[in-house]
2 protein chains.
Amino acid sequence: MSESPKRSKNQLKTHIRAQNQALILETAERIFARQGLAKTTTQMIADEAGLPKANIHYYYRSKKDLLEAVLERILQLWLDSVSQFSEELGPRHNLTRYISEKLDQSRLNPSASKVFAMALIGEEPFVLEFLRRFFVDELQKEKQTLDRWVEQGLMKPVPVEHLFITIWAMTQTYADFDGQVKVLLQKEQLEESDFDDAKQFITRMILLSCGIEEV
Amino acid sequence: MSESPKRSKNQLKTHIRAQNQALILETAERIFARQGLAKTTTQMIADEAGLPKANIHYYYRSKKDLLEAVLERILQLWLDSVSQFSEELGPRHNLTRYISEKLDQSRLNPSASKVFAMALIGEEPFVLEFLRRFFVDELQKEKQTLDRWVEQGLMKPVPVEHLFITIWAMTQTYADFDGQVKVLLQKEQLEESDFDDAKQFITRMILLSCGIEEV
DNA sequence: CTGTATTCTGACCGGATGTTCAAGTTTTGC
DNA sequence: GCAAAACTTGAACATCCGGTCAGAATACAG
């Protein structure tokens, strides 16, 4: 790590803290995804981050705190990277983009997806809380948008909750269960083309079910 | 793993063993699903099964052995309960039944689904081995059947691997991530009607993408 | 430079957990 | 009915892991 040659003294005040926290969070996310939440030890994170274990605990009091911080960071990155539905662009464009962005996330940041899935499947209480706070309202908004598109005859009525549940399931599966996917595709590593195939197939399926795409 | 080849005299010979192993496996599956694989302790399993901890280890040398046995039992139940594709019944009937059976599994035996998903997401080595042994061949067979249906004009050509990956993803998500589903549907518990809704939506989507269902 | 705040870190602790063992009890084969 | 095999079980062991802490080192402000 090279330091910036010129940096005002004020910035240095919080420089160390921010840098170390970022290092710890990134390392922790990677190891959580690789080893599983419970099997990951603070020692592993410390070793891979090149810090003593006690230093990890200096920034994050407990392992649970650290996991929460990792999840919050993941959620923040997600919220920043997923576009909002924009009514005027219509259902075809929005759904296509949504699926594309979700699959890009699975491809480009599989660790984040996997950690979140692990926390969800283990029903860590604060993850369900996150979902309530961030996604339930979001879903309501998108539901209203879809309703208006239906009214305008731009698409057929669909069970919106199940629509999103299945989109998430399909797109996340390529990150969360990549081991399974690799076995079934008989590949050592998933390539961008595999994600493109999935993108095309899933998009077509969703658009068809919304009565947008022609058969 | 291997049963005694001679069942001649009386079944009491292996009665105790079989009964206790079944009890342990069922209990372990439930707790693995509830607590996660790593957080589950042999003590928990012992307590809930009403046995001393040392007795668990009498039947299963290590926790890893026990987990393997649980997974093998799950896989066996799955293979027994999922019907084979039968070419003469055609794609609509087979796909509809396949999706229905998978969702019934998620509804009626969520623990099994969840344990398997946990093992998969944690990439337990022997699970990937199971997949290779049991599902890859299976997928090949189903692919050939679908190919013949395509030739006969009963359905459109589809990327079969992605078709099955997405069907599995959608149907399993209702068991594996039931916490998430409950939050989004805003329900305390999933009812049969929720699974019926999912069944209808997913089936329609898959049939449409195969060019079977009319829009 | 000096004092204060922040960061670093080795050593340690308490508790939990998988596993073993040896001594008991029950069941089985004959 | 009796010896062997199978099963049961309390107790102990070795290990590992999250978390603490006191004091050293470093960065910062004035």
Side-chain angles (χ1 to χ4, degrees), chain A residues 1-25 27-28 31-32 34-70 119 122 124 126, chain B residues 1-25 27-28 31-32 34-70 119 122 124 126:
Chain A
M1 300 275 171
S2 59
E3 307 159 7
S4 307
K6 302 196 174 177
R7 191 179 286 271
S8 87
K9 289 170 184 174
N10 315 356
Q11 282 171 309
L12 276 173
K13 186 174 185 179
T14 54
H15 185 230
I16 296 175
R17 187 171 202 88
Q19 188 170 314
N20 278 338
Q21 284 184 332
L23 172 65
I24 293 171
L25 288 181
T27 311
I31 304 185
F32 275 140
R34 191 197 305 153
Q35 300 275 346
L37 306 187
K39 276 192 214 164
T40 297
T41 68
T42 52
Q43 187 66 62
M44 291 178 200
I45 299 170
D47 288 347
E48 193 152 324
L51 299 171
K53 186 177 67 162
N55 210 350
I56 308 285
H57 279 90
Y58 173 71
Y59 288 104
Y60 298 97
R61 219 154 294 190
S62 70
K63 189 180 166 185
K64 198 178 140 230
D65 284 351
L66 175 54
L67 175 59
E68 282 194 54
V70 167
E124 303 281 343
F126 40 90
Chain B
M1 202 136 330
S2 59
E3 295 116 58
S4 60
K6 39 190 168 183
R7 197 60 63 96
S8 53
K9 291 260 174 166
N10 60 13
Q11 58 276 59
L12 276 177
K13 183 175 185 180
T14 55
H15 185 231
I16 296 175
R17 187 171 202 89
Q19 188 170 313
N20 278 339
Q21 283 184 332
L23 172 65
I24 293 170
L25 289 180
T27 310
I31 304 184
F32 275 139
R34 191 196 306 152
Q35 300 275 348
L37 306 187
K39 276 193 215 162
T40 297
T41 70
T42 54
Q43 188 65 61
M44 292 178 198
I45 299 170
D47 288 346
E48 193 153 325
L51 298 172
K53 188 173 63 161
N55 211 348
I56 308 285
H57 278 89
Y58 173 71
Y59 287 105
Y60 299 97
R61 216 153 296 187
S62 70
K63 190 181 167 185
K64 196 176 142 237
D65 284 351
L66 175 54
L67 175 59
E68 284 196 51
V70 167
E124 303 281 344
F126 40 90

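The figures here come from the full heavy-atom set of this structure, side chains too, leaving out hydrogens, waters and symmetry mates. Every chain is numbered from 1, with letters handed out A, B, ... down the list of sequences.
Distance, A/Asn55 CG to D/dG19 C1': 14 Å, rounded to whole Å. Following rounding to the nearest Å, A/Leu67 (CG) and D/dG18 (P) show an atom-to-atom distance of 12 Å. Distance A/Tyr59 OH to C/dT6 P: 11 Å, rounded to the nearest Å. In this structure, CD1 of A/Ile56 is placed 15 Å from P of D/dT20, rounded to the nearest angstrom. Here C/dT25 presents its P atom at 16 Å from CD1 of B/Ile16, a figure rounded to the nearest Å. For the pair A/Leu51 CG and C/dG10 P, the interatomic distance rounds to 11 Å; values are reported in whole Å. Distance A/Ile24 CD1 to C/dC8 C1': 12 Å, rounded to the nearest Å.
Counting only heavy atoms from C-beta outward, the side chains of A/Leu23 and A/Leu51 approach each other to under 4.5 Å. In this structure, the side chains of A/Lys39 and A/Phe32 stay at 4.5 Å or more apart for every pair of heavy atoms. Using a 4.5 Å heavy-atom threshold, the side chains of B/Arg61 and B/His57 count as separate.
Between B/Asn20 and D/dT8, a side-chain N or O to OP1/OP2 separation shorter than 4.0 Å is present. Distances shown here put a side-chain N or O of A/Arg17 below 4.0 Å from the OP1 or OP2 atom of C/dT7. Not one side-chain nitrogen or oxygen of B/Tyr58 sits closer than 4.0 Å to the OP1 or OP2 atom of D/dT8.
Scored by the side chain to side chain donor-acceptor pair (under 3.5 Å) test, B/Glu48 finds B/Arg30, B/Arg34 as partners (sequence neighbours excluded). With sequence neighbours left out, B/Asp65 forms a side chain to side chain donor-acceptor pair (under 3.5 Å) with no residue at all.
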What does the list of N/O pairs under 3.5 Å between the protein and nucleotides 17-24 of chain C look like, with a distance for each?
from, atom 1, to, atom 2, distance (Å)
C/dG18, OP1, B/Thr40, O, 3.4
C/dG18, OP1, B/Lys63, NZ, 3.4
C/dG18, OP2, B/Thr42, N, 3.0
C/dG18, OP2, B/Thr42, OG1, 3.1
C/dG18, N7, B/Lys53, NZ, 3.3
C/dT19, OP2, B/His57, NE2, 3.4
C/dT19, OP2, B/Lys63, N, 2.7
C/dT19, O4, B/Lys53, NZ, 3.0

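Among the candidates A/Leu67, A/Ile45, A/Val70, A/Leu25, the single residue satisfying the side-chain contact (heavy atoms from CB on, under 4.5 Å) test with A/Tyr60 is A/Leu25.
Of the listed nucleotides (D/dG10, C/dG10, D/dA27), C/dG10 has the atom at the smallest distance from the side chain of A/Pro52.
Under 4.0 Å is where a charged nitrogen must lie from a carboxylate oxygen, and between B/Glu124 and B/Lys63 no such pair does.
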